[in-house]
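Below, read A as the first sequence line, B as the second, and so on, with proteins coming before strands; counting in each chain starts at 1. We use all heavy atoms of the structure for the numbers below, so side chains are in, but hydrogens, waters and symmetry mates are not.
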Number of protein chains: 2
Amino acid sequence: MKPRVSLGLNAVIVAVTREAPRILTIRHDASAAVAPGAKGDLPREDALPSGLLHPDRDRTLELGLRRWVREQTGLELGYVEQLYTFGDLDRNPEEREMGQRVLSIAYLALVREARPSGTRGATWRDWYSFFPWEDWREGRPDVFLKVIRPAVESWIRSAPDGAHRRERRERSEIYFGLGGAPWDFERVLDRYELIYEMGLAAEAERDRSAGQPGSSTTARRLPQLGESMALDHRRILATALSRIRGKLKYRPVVFELLPTSFTLLQLQRVVEALVGVRLHKQNLRRLVESARLVEHTGRYETRTGGRPAELFRFRREVLRERPAPGVGLPGLRHLG
Amino acid sequence: MKPRVSLGLNAVIVAVTREAPRILTIRHDASAAVAPGAKGDLPREDALPSGLLHPDRDRTLELGLRRWVREQTGLELGYVEQLYTFGDLDRNPEEREMGQRVLSIAYLALVREARPSGTRGATWRDWYSFFPWEDWREGRPDVFLKVIRPAVESWIRSAPDGAHRRERRERSEIYFGLGGAPWDFERVLDRYELIYEMGLAAEAERDRSAGQPGSSTTARRLPQLGESMALDHRRILATALSRIRGKLKYRPVVFELLPTSFTLLQLQRVVEALVGVRLHKQNLRRLVESARLVEHTGRYETRTGGRPAELFRFRREVLRERPAPGVGLPGLRHLG
DNA sequence: GGAGATATACTCAGTCCTAGTATAAGTAGA
DNA sequence: TCTACTTATACTAGGACTGAGTATATCTCC
């Protein structure tokens, strides 16, 4: 049986409602799809929405995505960007049976409202329930002391030799911000891959046992961090997080998640929800205003619990005015 | 005939030899592939190398890419990253005849040496021959006065109404750095798309006539800017340029293109070749040294034509030390 | 009307970047 | 050998931006 390539589209659809970043998930029926030798109690897992391209009707991939998202969930997507194409062998356990290599083109989409529009069991889930170690808004999460640090220690000890040991120590210190290293909120994917490699992700064990039937002879049961997802969807989600957190700095994507008029505190809370870190209020205000990203509306929000806050709106013109903020290369002699 | 999806991999392979950034191209035989009604004299066009995934043997997409690049050209790729997946309808004119939608996953690869390794007519070509408007190292290129500005003017005038006219003016001023706007070297893709839209790219006309046979009733022949490529390969190339130019700022990818030891001027020339702009020598040196991106070797290059220059090497350790330079978000309160 | 909340203005010091000047150390040719 | 020229490297003054804070304004609730 000659294996063929088949293709799916996945969407990471993000909304922020009251300080909580959420993603749209569906329930994935994991029934037949697992090789023999795996454990019997298969919970139905969360999965990212997915659909197919209509090769003859969808003029572009993005339009195809918008179409099936609309059909499946009733959602009309706003901002959409392509994320990455995932194609590792065995990313889908059904591949071997079907004789098909299943690739997935993943997209990131940002929407304003988070109505839990019903069909196919679509639900909005807080993304930090999949990545509990990523939310530092209330300080360093407990899992670092309780789970990650001890797991890291034993993972380092179990390295085959000194070189590997040093490499594991270096990597975990940098990515997890241990041993004095600063926390870099953008490295979501790197951290997930470390978590996976260390055996702290449920899907790691699942993937291993699906590959070699009957080889589920894992030594110790490690605690599992966060909820897992179907297939490689947690990896896709981690890729999306990295992308959003990185992009915030140089493209005004936050505004895709905010209502048309908003207070500066609302803006701040949404940014904080996304990057998982607290910001300095006065400086954020100064930055946002001096970059002319927002403009006054003259109206005020009074239900703030304190002095009323002015409502602002996004100045679309900056997309034209400020091509790319913060160049970062040295001389850049201005040849005009 | 039910159309199916088929998949190819494309590689933008970049090297820099003596101040010239080059990409590896092959000759694409455009023979049967064009709809009737197109002109008869079909030159064979340059194309990006492309190959197929072996669905059952290539464990990852990237490994598949490395395999066929090795097989086709003998090149062993170093740095490789996924660029984008292109899937617009009719990006390949043969699609309709084959009843297949042809997608392409494009990769960016950086290599050190530019040996023109023979098979399949692989040649290294200066990338600025495809984008002559992108090289500002000797000041603003002539094409701006001779071609772009007049074409922009008439393109703006021919807009259907005032709103479109203003939108066209704004867009062309920002992207081309006209009317006082600064030149943003990263917006390569935006500029290419504008060039295409304005009818200054040969492939625009070709794509139109392939779509509607017999409709090649273009009014005036506009001058064509730069050499075109097969299919949508010039668009892929523009995407790659944007990516490289953007990435230089926050990832040390230049060093993938340099020999293991190099002088700081060599480094500067490579960066300048990539971004197409001159840099301030003393500041680049300071930046690179204070960021501890390089380390002394103690050896000197004497054939500089002046005072000998010390040879440096890349400090791989920075990949570990400095997670992401220049955070750019305001408060970022350090919660440790 | 005071406590408590949030909003907004302003300040000060440190860091980094720009655009230079100054000086060192080679080569090529008269 | 001397001079002109080339390139390398060190250093600096001024300005822009950033981090972290103080001060003040304006609401609600009791």
Note: B:Arg245-B:Glu186 ion pair, threshold 4.0 Å (strictly below): no

Counterpart residues, side-chain contact (heavy atoms from CB on, under 4.5 Å), relative to A:Pro150 (two or more places apart): none

Protein-nucleic acid N or O pairs under 3.5 Å, nucleotides 28-30 of chain D:
none

Spacing between B:His280 atom NE2 and D:dT9 atom P, to the nearest angstrom: 15 Å

Whichever of B:Leu265 and A:Pro308 has its nearest DNA chain D nucleotide further upstream toward 5': B:Leu265

Separation of D:dC27 P from A:Glu310 CD (nearest whole Å): 13 Å

Short heteroatom pairs, N/O only, protein and nucleotides 10-17 of chain D, under 3.5 Å:
| unit_1 | atom_1 | unit_2 | atom_2 | d |
| --- | --- | --- | --- | --- |
| D:dA10 | OP2 | B:Arg285 | NH1 | 3.4 |

Below 4.0 Å: OP1/OP2 of C:dA7 and any side-chain N or O of A:Lys281: yes

Kindly list each side-chain donor-acceptor pair under 3.5 angstrom involving residues 253-267 of chain B, sequence neighbours excluded, with atom names and distances?
| unit_1 | atom_1 | unit_2 | atom_2 | d |
| --- | --- | --- | --- | --- |
| B:Ser261 | OG | B:Arg299 | NH2 | 3.2 |
| B:Thr263 | OG1 | B:Leu265 | N | 3.4 |
| B:Thr263 | OG1 | B:Gln266 | N | 3.1 |
| B:Gln266 | OE1 | B:Thr263 | N | 2.9 |

Short N-O contact, A:Arg285 and A:Glu289, less than 4.0 angstrom: yes

B:Arg137/B:Glu272 ion pair, N-O < 4.0 Å: no

Spacing of A:Leu284 atom CG relative to C:dT6 atom P, expressed in whole Å: 16 Å

B:Arg269 CZ to D:dT6 P, straight-line distance once rounded to whole Å: 13 Å

Distance, rounded to the nearest Å, where A:Leu264 contributes CG and D:dT26 contributes P: 17 Å

Length of the line joining A:Tyr300:OH and D:dC27:P, which is rounded to integer Å: 10 Å

Spacing between A:Leu311 atom CG and C:dT6 atom C1', to the nearest angstrom: 14 Å

B:Glu301 CD - C:dA25 C1' separation (whole Å): 15 Å

Pairing of B:Arg149 and B:Glu153 as salt bridge, 4.0 angstrom limit: no

Results of ring pair (Phe, Tyr, Trp, His ring centres under 6.0 Å) for B:Tyr300 - residues two or more places apart only: none

Ring centres under 6.0 angstrom apart (A:Phe185, A:Trp183): no

By side-chain hydrogen bond (donor to acceptor under 3.5 Å, both in side chains) - contacts of A:Arg169 (at least two apart): none

